[in-house]
Asks: 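Mind looking over this structure? Questions follow.
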Number of protein chains: 2
Amino acid sequence: MAKAPQNAISPTRADDYPEWYQQVIRAADLAEVSPVRGCMVIKPWGYSLWENMQKVLDGMFKATGHQNAYFPLFIPMSYLEKEAQHVEGFAKECAVVTHHRLEPDGKGGLQPAGPLEEPLIVRPTSETIIGAMYAKWVQSYRDLPILINQWANVVRWELRTRLFLRTAEFLWQEGHTVHATSEEAIAETMQMLDVYADFAENWMAMPVIKGAKTPAERFPGAVETVSIEAMMQDRKALQAGTSHFLGQNFSRAQEIQFQDPDGNLQFAWTTSWGVSTRLVGALIMTHADDDGLILPPKLAATHVVILPIYRDDAQRAEVLEYVQSLRQELTALSFSGGPIQVEIDDRDQRGGGKKWYHVKRGVPIRLEIGPKDIAKQAVFMGRRDTGKNQPLPRAEFVAGLPALLEEIQQNLYARALQMRQDHTRVITNEADFRDFFTPANADEPEIHGGFALCHFADETSLEPLLKELKVTPRCIPLENNETPGTCFYTGQPAAKQAVFAKAY
Amino acid sequence: MAKAPQNAISPTRADDYPEWYQQVIRAADLAEVSPVRGCMVIKPWGYSLWENMQKVLDGMFKATGHQNAYFPLFIPMSYLEKEAQHVEGFAKECAVVTHHRLEPDGKGGLQPAGPLEEPLIVRPTSETIIGAMYAKWVQSYRDLPILINQWANVVRWELRTRLFLRTAEFLWQEGHTVHATSEEAIAETMQMLDVYADFAENWMAMPVIKGAKTPAERFPGAVETVSIEAMMQDRKALQAGTSHFLGQNFSRAQEIQFQDPDGNLQFAWTTSWGVSTRLVGALIMTHADDDGLILPPKLAATHVVILPIYRDDAQRAEVLEYVQSLRQELTALSFSGGPIQVEIDDRDQRGGGKKWYHVKRGVPIRLEIGPKDIAKQAVFMGRRDTGKNQPLPRAEFVAGLPALLEEIQQNLYARALQMRQDHTRVITNEADFRDFFTPANADEPEIHGGFALCHFADETSLEPLLKELKVTPRCIPLENNETPGTCFYTGQPAAKQAVFAKAY
């Protein structure tokens, strides 16, 4: 019998999931912590994922009528104060600019100088500064709707940070729209939720549940927040995108008013919606395994990596000619994720190191090609998603590649969906709820629980139980949630189920 | 005789160039000032220009082997102190973060709280924070070269700001590379200058002079700075892109060291290079006229705008069907700037307003189409660059459109080049130099001067004269600059000519 294979990532998921996550990022060279507290450095391979996400999402935003613009990084402190709940939500985690130059401190170093009249906040989100501009731009119903998106960095001063999942600075997009009617703003809110779900499922291969947040979990200042929630491999939930119907809260605070066709002055209805580099963390925790990252082909910067194998210069020349012609053939192809991207890795490295390098980085398909393969007009192919290796006639591989990439994409999605289904339970009483969210061995971190689908009557009454178990209501699903029942905790009549889970 | 046409932009360039510039931006809805001192809001039409610039430049950077990454917005104050000239250059214009939350001030407002142990600088440029990471990443010659670019926002606290040209926050890209040898780093510096010149000339249709900066004009900390310099319509120079050979200055300050193949520890050689949203300002001042913006087709988000003309619903149906089929036909075409983008503007607006709206926004080609045109299977075309209007058979227009866009692109470049040639003079003595840079009427702002090509021996000796005339040495051209001469001011032997000009 073959020995049990050793894994490329240590610890494994079962051993220590949080540490496994950090090690996958390190092994795939996606990002690392920076000397600036809470801020990360996104390295090229990690940034390529964000770039590809941006490209797809940007196309989806434009297809739904949105345009990009750019607003200031800084927000005057007084702007933040205008919407009471909003400032309550963000005041505790703001980077504050108080000076505009440095001067010698007399001890050979520098000190801040030039105090500002009013402190500036580095944007944690841009409702208030964008709203101030919209108040100027909107005069008449003819100026509506405004459908603008911004790609930007934002800062929320977090003390406990984790690469991609929670960092003081992160990259994101924030859509900010203004409408003449409540209906239109709600339709926009839901449309963008659908865009996010479409992106998560069809590009990230990550199944999501669309739902409404409970009041306590809403965006500060929102009337309604809807989100997409995904289950990570440790069965925790990750909020992967949010879309907010802001009602007239911000338009009243900021005086975004328009004259309607009858000449009456009305407050406008606004929305905002965003996804961030957090999605890269979600991608990792949805697909990666104990050998490292696994990329869904539709977001991979490289679909096929070719590793030429040779012993001497003569072989090298022969092999490189073969793989270069193969690359040319492959890059002429495309699939639903766009043109096929091929990399030849001819670095001077011996042993299995080069193969494992690409395994850990999650490249969907590896080809090892040496003189023997050339003699047979063949390739030796390794699939990252299944780990299977097999020789294939070159022509067959080439002809089948687009379909193979689609298959891998589907396979990853199906696997993640199966995982979520396996760990989703309808729960109707407290005992089962407690049992579901309690690890068998309380002393050891252990993967347990999942999504509990429970009817519930009132969020507040659940608070003590949820706090005790470290569980939160993730969302009230929008679909398949029409049947009333009784609250799993209080026994009261309950209209809807919510998804309960431990969460990132 | 026809009356002299009235211009869409007031004042005209001849009347008041700086104010004309602001009015072009306003009329084209490119950007506006924000309530945050010195920060601008880039509106969708302006942002589309930056997006298109980004897309082209990003492709050029990748084609020359660079990858994108992302580094922190904040730089610890102590990092900035490491390179003496560098901190000298930036200390006076830094936004300084000193606190990480807000708390009630007891008077119903907020105040900064949670003082940081070490103040953080909002990056004015990222050599120091990126260098700190490179010092960790570089161990061996095998780790070199590092070829990374970052798309980011940066902040330089400017007191006198102008939209796009000089703003406290701006968007840019900054390339940062590390090499094993001086030769390689210099080659990289020059390669990126060529990339910038290629982009400026072949995409922006803006002729540039490639040259080396004189020591006083170098980037703080650089051994050599090379730049591309363009002449604006008011004959002032605008530095449109810079590329810096940093020698070992930053690698010594930051300890970026590698083991060479012989096992010796060496300091690496670094470069940095950047262009910014300033290019949008350069684009405006190169091509716009007294009717507003003129876009080079290769950077326009819309190449053709169609204005349907009709009197009633029946006509409307007929006209819309015609223009929609025309749009379909046109968007199947492409030219060297990519697929042809067509917009139908069917907003309910009477009079010439809609036409002028697109004139002011600089759309290369307008089509006005009504029932009479349809009857003749024709279009009525207006060219933004020449201002000429003419009817054309539909088939002829369609077949000729890609070539027409190339012609417009070439025409804009040729016009700008002619303008520069008309206002470039070889000057060999002080009297002519003074004369060239002195307006005829000292009381009135007036467009005068241009590029003076002068042999010069020593920058320092020129200082009083240059200060008096508000002229700077823009660069020492790299091409056609082999013939020695005598300094126009001191009469001393001089190896090279420099371009002298007033500048943005």
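Chain letters run A, B, ... following the sequence lines, proteins first, then strands; residues in each count from 1.
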Asks: Against chain A, label B:Ile148 side chain, backbone, both or neither, depending on which of its atoms sit under 4.5 Å from a heavy atom there.
Replies: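 When you check distances to chain A, only side chain atoms of B:Ile148 fall under 4.5 Å.
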Asks: For the candidates A:Phe90, A:Tyr79, A:Trp50, A:Trp151, which exhibits the highest count of non-hydrogen atom pairs separated by less than 4.5 Å from chain B?
Replies: A:Tyr79
Asks: More than 12 foreign heavy atoms under 6.0 Å from CD of B:Glu103: is that the case here?
Replies: yes
Asks: Could you measure the distance from the CZ atom of A:Arg101 to the CD1 atom of B:Ile121? Nearest 0.5 Å is fine.
Replies: 12.5 Å
Asks: Specify the closest pair of heavy atoms between A:Arg123 and B:Asn153, including all atoms of both residues, with the distance to one decimal.
Replies: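 Heavy atoms of A:Arg123 and B:Asn153 come nearest at NH2-ND2, 3.6 Å.
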Asks: Could you tell me whether A:Arg162 atom CZ has more than 12 heavy atoms of other residues or ligands within 6.0 Å of it?
Replies: yes
Asks: With a 4.5 angstrom heavy-atom cut-off, is it the side chain or the backbone of B:Pro44 that approaches chain A, or both, or neither?
Replies: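 Contact with chain A: backbone and side chain both.
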Asks: Roughly how far apart are B:Leu80 CG and A:Leu110 CG, rounded to 0.5 Å?
Replies: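 Going from CG on B:Leu80 over to CG on A:Leu110, the span is 7.5 Å.
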Asks: Pick whichever of A:Gly46, A:Ala91, A:Ala301, A:Ser34 has the most heavy-atom pairs under 4.5 Å with chain B.
Replies: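 Heavy-atom pairs under 4.5 Å are most numerous for A:Ala91.
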Asks: Determine the option with the most heavy-atom pairs under 4.5 angstrom with chain A, choosing from B:Pro35, B:Cys94, B:Gly109.
Replies: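 Going by pairs under 4.5 Å, I would pick B:Cys94.
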Asks: I'd like to verify something: which residue of A:Glu93, A:Met133, A:Gln150 has the highest number of heavy-atom pairs under 4.5 Å with chain B?
Replies: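 Of A:Glu93, A:Met133, A:Gln150, A:Met133 has the most heavy-atom pairs under 4.5 Å with chain B.
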Asks: Strictly by modelled atom types, are B:Trp137 and A:Glu32 linked by a side-chain donor-acceptor pair under 3.5 Å?
Replies: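 Yes, a side-chain donor-acceptor pair sits under 3.5 Å.
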Asks: Could you tell me which of B:Val122, B:Leu171, B:Thr277 has the largest number of non-hydrogen atom pairs under 4.5 Å with chain A?
Replies: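 Sorted descending by pairs with chain A, the first entry is B:Leu171.
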Asks: For chain A, find which of B:Gln67, B:Glu81, B:Gln111, B:Arg37 contributes the most heavy-atom pairs closer than 4.5 angstrom.
Replies: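 Answer, by heavy-atom pair count under 4.5 Å with chain A: B:Glu81.
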Asks: Rounded at 0.5 Å granularity, tell me how far CZ in B:Arg142 sits from CD in A:Gln349.
Replies: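 The distance works out to 9.0 Å.
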Asks: Side chain, backbone, both or neither: which part of B:Val154 has an atom under 4.5 Å from a heavy atom of chain A?
Replies: neither
Asks: Which answer fits B:Lys55, side chain, backbone, both or neither, if we ask what part of it has an atom under 4.5 Å from a heavy atom of chain A?
Replies: neither
Asks: Give a yes-or-no answer on whether the side chains of A:Tyr70 and B:Glu169 include a donor-acceptor pair shorter than 3.5 Å.
Replies: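 Yes - a donor-acceptor pair under 3.5 Å links their side chains.
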Asks: What do you reckon, is CD of A:Gln54 surrounded by more than 12 foreign heavy atoms closer than 6.0 Å?
Replies: yes
Asks: Testing the basics here: between B:Pro72 and A:Val36, what is the closest heavy-atom pair and its distance to 0.1 Å?
Replies: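 Nearest heavy atoms, B:Pro72 then A:Val36: CB-CG2, 4.2 Å.
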Asks: Show the nearest heavy-atom pair for residues A:Met77 and B:Leu102, with the distance to one decimal.
Replies: SD-CD2, 3.5 Å
Asks: Would you say that more than 12 heavy atoms from the other residues, nucleotides or ligands in this model lie under 6.0 Å from the NZ of B:Lys92, or not?
Replies: no
Asks: Where is the tightest heavy-atom contact between A:Asp58 and B:Glu51, given as atom of each residue plus distance?
Replies: OD2-OE2, 3.9 Å
Asks: Count the heavy-atom pairs under 4.5 Å between each of A:Val96, A:Leu73, A:Val97, A:Ile129 and chain B, then report the option with the highest count.
Replies: A:Val96
